[in-house]
Structures are given as C-alpha cells and as structure tokens.
Amino acid sequence: MTGKECEVEILRGFKDILPDNIDKWQFLETTARNTIESFGFREIRTPILEKTQLFKRSVGETTDIVEKEMYTFLDKNNESITMRPEGTAGVVRAYIDNHLELSSFKKYYYIGPMFRYERPQKGRLRQFHQIGIEVFGIDEPAIDAEVVYINKALLNNLGINNVRIEINNIGCDMCRPNYMDALKSYFEEYRSQLCEDCQKRLYRNPLRILDCKNEHCRLIAKGAPKITSFACETCRSHYDVVKEKLTDFGVDFIENPMLVRGLDYYTKFVFEIITDKLGAQGTVSAGGRYDNLVEQLGGKSTSGVGFAAGEERLIELIEDYPKNRIDFYIANLDVDEYAVQIANKLRGIGKKVYVEYERRSLKSMMKRANRMNAEFAVIIGENEKNNRKVMVKNLFESKQSEYSLEAFLDEVK
RNA sequence: GUGGGUAUAGCUCAGCUGGUAGAGCACCAGGUUGUGGCCCUGGGGGCCGUGGGUUCAAGUCCCACUACUCACCCCA
C-alpha cells in the first residue's frame, strides 16, 4: 500500500471481506443457521451499541475487555455508549427488556460483528464476528451438554475436525471464593518465583495464573489446589452429570482443571474448543454457564448457558465450501435489447445471468465467461436477433449449438 | 501498552559486497472478419512506505517516523 494515492485507508484491525472470500463466509453463516436452527433455536438481533454500563456489569469491571478494550464514546446527549465487545450481554439485556421470561421460548442465537480495541494479530481483529447461542432458564445439565454438542455439530458441518474440546468446572458464588482463597495462599508461597504478570494476577484474579504460558509458572501451577476439592455439592454434581451426558451424546472431551474463562459471569461448567492450526489464538469457540447474569442485570433470577464462536477463526479452518458462480453469460454483440429480453426470461426461472454491455471482441467475452465460471455462454449478435435464435455454448463440456429462442428457453426450464 | 520481523508493479516476491528496477500471476491487445480454458507474442502500469543523513552515486548503508505482521497481555 503506497500510502500516497490512498489517503483514505481502512482502520487498523478492521478488514474488508471481498467477493473473492465471500463464498466461504456465506457457507459458514448458512451452515451455522441451518445447524443451530435444526436444534430449535431462533435468531435474535440486538444493537451493536449499548449503554456502557451493560458491559461493565456483565463482563466484569476488572476484566481487560472492560478496562482497556472497549470502544466507548459519549453520544450527543453525553451518555456513555459502547460498541458491543461480545454478544451475551446484549442478548441478556434484550431478554430482560422484552420480558422474554414470560415467553415459553428459551433458545436464541446471533451472528454479527463485535468490537475490541486490541493490538491486532493472527486470528484477532478489532472488528471481528461471532456466532453464538444462548439458552435461558434451563437448569438441567443435559442442556450444557447439548450446547457443546451443537458447537461440535457446527464444526463437523463445516468440515472442521481437528479440534479438541476442553471442559472444566469453575464453581459458583458459593464455592469459588473458597477456591480463590486457597489458590491465593498457595501462590503466595511462590510469589517471588512467579512471572511479573502473575504477581499482578495473584491479587486481581489468581485463576488466571493457572492459564499462564510462562514455563516456570506452569510448573508451579501444576501443584496448585484443584477446584474439584472445593466445589460445592451443587456444582460438583452438575458438572458430573454434564460429563455423563457428553459421553451419552458421543462428544469426546478433555478435562482441563487449568481452563479459565476471561469473562466474570461464568459459573459451574465452562468449555473451549481448540485447534493448534491457528498460531497463538487457538480457541475457536468457547462458552459455559452463567447462572447469575440475568439477575445481576436486573432480571428475574434465570440461569443461562451458551457459547460464542469466532467467525474469522473458523474461516481459517474451512477447506471445502461451495463456490458461487453464474449460470449464463450473455455474450452480447451489440444487441442489448435482445440480450436483456433473454436474460430476464432466464432470471424468471431462477438462473443467474450476467449480461455483457461492454463492446469488446467475442474472444474477450468468452474469456470473461470462462473466468466467471459460467456454465453457458449465450452468444447473440445481429444474426441471432433477426432470426430469433441463440447460439449457446456449454463451457463445461465445450459443446455449442444453435437454438430458436423458444426451444432454448424450453430446454433450460 | 511492550518486544521481534517486514515495507519494491493490482497480488506474491527477486534485486549479491551501493552504479540509478525485474519475474511470475492478474489485467489489456494480438496470434482466429463472431468463440473461452493450454500455448506464443506484445502492452499498460513503480519518485522501490514517508522524511532526513552518509556518498561522486542509495531500492541497496545509517537514523527517525508511519503502516503492516507475528508474539506478549488478553480473548472468539
């Protein structure tokens, strides 16, 4: 990009999705809709802008997302508004706002852009896209397992198989504080040996130390107390049943007691789907249960469970997908009216038709037809027009023949 | 916010120890008065990211800035 001629440039961390790439995106999103809807979920669309407070209260005041990654502005009324950094908060807000707890419907999904002000790198952008599902008011552990199952089904339908599913129990308000205390006192003994970041984490969120990539910290973390010995009976049995159901549903998983989620609202069961093909950002999808969030945001106490998958990360993993192409390329040798007449007839029966209006040699038109991967070229000039005929070439089979217009339209029906 | 790498044609990149730009792909045209995919020929297009310095001479060396990229932090 030789800056000069391009004074208008895209923002850092933002990306255009060009037609060359769009087939993949459309495949991803239609596959996601079909898969998720096949489980009885329905789409919900919530605004990109919400009051800043919503995210502070749901995601957590002290998380990095809220502390340094949000696109937050004052609107003309001096109200602080934020571009959504994740999807769950908005859906929960809509659930409460619209009194959806009174509806018998509990299963929602969304697809759309999210915004986080971070340094871009592989698999990470400032505007990125997520596909997520949320289930409200179902406490049975089976639904947790179904959420994971749906996620796995989605990946399978996209042809993505080389992933692992990691799960963990992170406890609830009752038992997590005890566990946090135990972690704190354990790590305090090794304080001087921890990396700089972990020394900070020790007081902010000791759970995160479990997640550290530093080799030495990992060693220390290995000996740290496990949630299993602190989880309350409710959390423990919930988690155990989720595991049973996952097995029943045929979902392979790995238990990872070091698995931690970055958002504050998670409780009990959490999971992550990970690939090793994406560099440092291996998490393709993640989710879990959030039993306090609805109440925390002012709704009636209602449990929740869901996941969010990163579209850009999924895109990188998709290998096979249907390519869009046109059915008919009309090589129009200066007979616009006749060309349009034919094209519209074809469109009327659901065909994709590209009409060439540029005056160029037939040779170059045929080249274009080929590049567009058109199945047929319809060649028409004065001759064809005057005799109400069309010259049709099948570009896949390289066969050509002349038809009367009527016979041709009859043929393609 | 911090660290590493990169910056030459629309795209991917070559350009040795400094002598004033190249390939492949793409695009356009021709080889076929109205016919694609392969092949051949030709063509357009670059103040070599920006600014400064060293030098007779800088794409090439030095400095700064900017952008991109990868990684840390954190996350999908």
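Sequence lines set the chain letters: A, B, ... in the order given, protein chains first and strands last, and positions in each chain run from 1.
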Enumerate, atom names and distances included, each donor-acceptor pair closer than 3.5 Å involving a side-chain atom of residues 189-203 of chain A, sequence neighbours excluded.
{"residue": "A:Gln193", "atom": "OE1", "partner": "A:His216", "partner atom": "NE2", "Å": "3.3"}
{"residue": "A:Gln199", "atom": "NE2", "partner": "A:Arg191", "partner atom": "O", "Å": "3.0"}
{"residue": "A:Gln199", "atom": "NE2", "partner": "A:Leu194", "partner atom": "O", "Å": "3.1"}

Using distance alone, with no hydrogens and no angle criterion, decide if [X] and [Y] have a side-chain donor and acceptor under 3.5 Å apart.
X	Y	answer
A:Thr283	A:Glu272	yes
A:Asp139	A:His238	no
A:Asn387	A:Asn383	no
A:Tyr265	A:Gln296	no

In whole Å, what is the span from the [atom1] atom of [X] to the [atom2] atom of [N]?
X	N	atom1	atom2	result
A:Ile380	B:rU35	CD1	C1'	14 Å
A:Glu67	B:rC74	CD	P	12 Å
A:Asp20	B:rA26	CG	C1'	11 Å

Given [options], identify the nucleotide with an atom nearest to the side chain of [X].
X	options	result
A:Asn370	B:rU35, B:rC74, B:rG36	B:rG36
A:Lys393	B:rA76, B:rG36, B:rC72	B:rG36
A:Met366	B:rG36, B:rC74, B:rG30	B:rG36
A:Arg119	B:rU35, B:rC70, B:rU2	B:rU2
A:Arg12	B:rC28, B:rC74, B:rC68	B:rC68
A:Ala280	B:rA76, B:rA71, B:rU35	B:rA71
A:Leu362	B:rC74, B:rG36, B:rG34	B:rG34

Report summary line: Annotated structure of RNA chain B as dot-bracket, pair cut-off 3.5 Å, Watson-Crick or G-U only, | for inter-strand, is (((((((..((((........)))).(((((.......))))).....(((((.......))))))))))))....

Query raised in the report: Is a donor-acceptor pair below 3.5 Å formed from side chain A:Ser361 to base B:rG34, judging by atom type as modelled?
Result: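 Donor-acceptor pair under 3.5 Å: no.
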
Report task. State whether the distance check finds a donor on one side and an acceptor on the other, under 3.5 Å, for side chain A:Glu384 versus base B:rG34. Result ->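 Donor-acceptor pair under 3.5 Å: yes.
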
**Report entry** Contacting residues from residues 308-324 of chain A, given that a heavy atom lies under 4.0 angstrom of RNA chain B
**Finding:**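 Under 4.0 Å from RNA chain B: A:Ala308, A:Gly310, A:Arg313.
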
Query - NZ/A:Lys399: more than 12 non-hydrogen atoms of other groups inside 6.0 Å - result: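 Check fails, neighbour count at 12 or below.
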
Reckon [X] touches a base, only the sugar-phosphate, or nothing at all at heavy-atom distances under 4.0 Å?
X	value
A:Glu272	nothing
A:Gly279	sugar-phosphate
A:Ser364	sugar-phosphate
A:Asn383	base
A:Leu263	sugar-phosphate
A:Glu86	nothing

I want to check one thing: is the phosphate of [N], taken as OP1 and OP2, less than 4.0 Å away from some side-chain N or O of [X]?
X	N	result
A:Arg371	B:rC27	yes
A:Gln121	B:rA71	yes
A:Lys367	B:rU35	no
A:Lys363	B:rC28	no
A:Arg360	B:rG34	no

Query raised in the report: With distance as the sole test, does A:Asn256 use its side chain to make a donor-acceptor pair with the main-chain N or O of A:Met258 at under 3.5 Å?
Result: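 Yes: the side chain of A:Asn256 pairs with the backbone of A:Met258.
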
Query raised in the report: Taking side chain as C-beta onward, heavy atoms only, is A:Thr88 less than 4.5 Å from A:Glu134?
Result: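 Counting from C-beta outward, A:Thr88 and A:Glu134 do come under 4.5 Å.
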
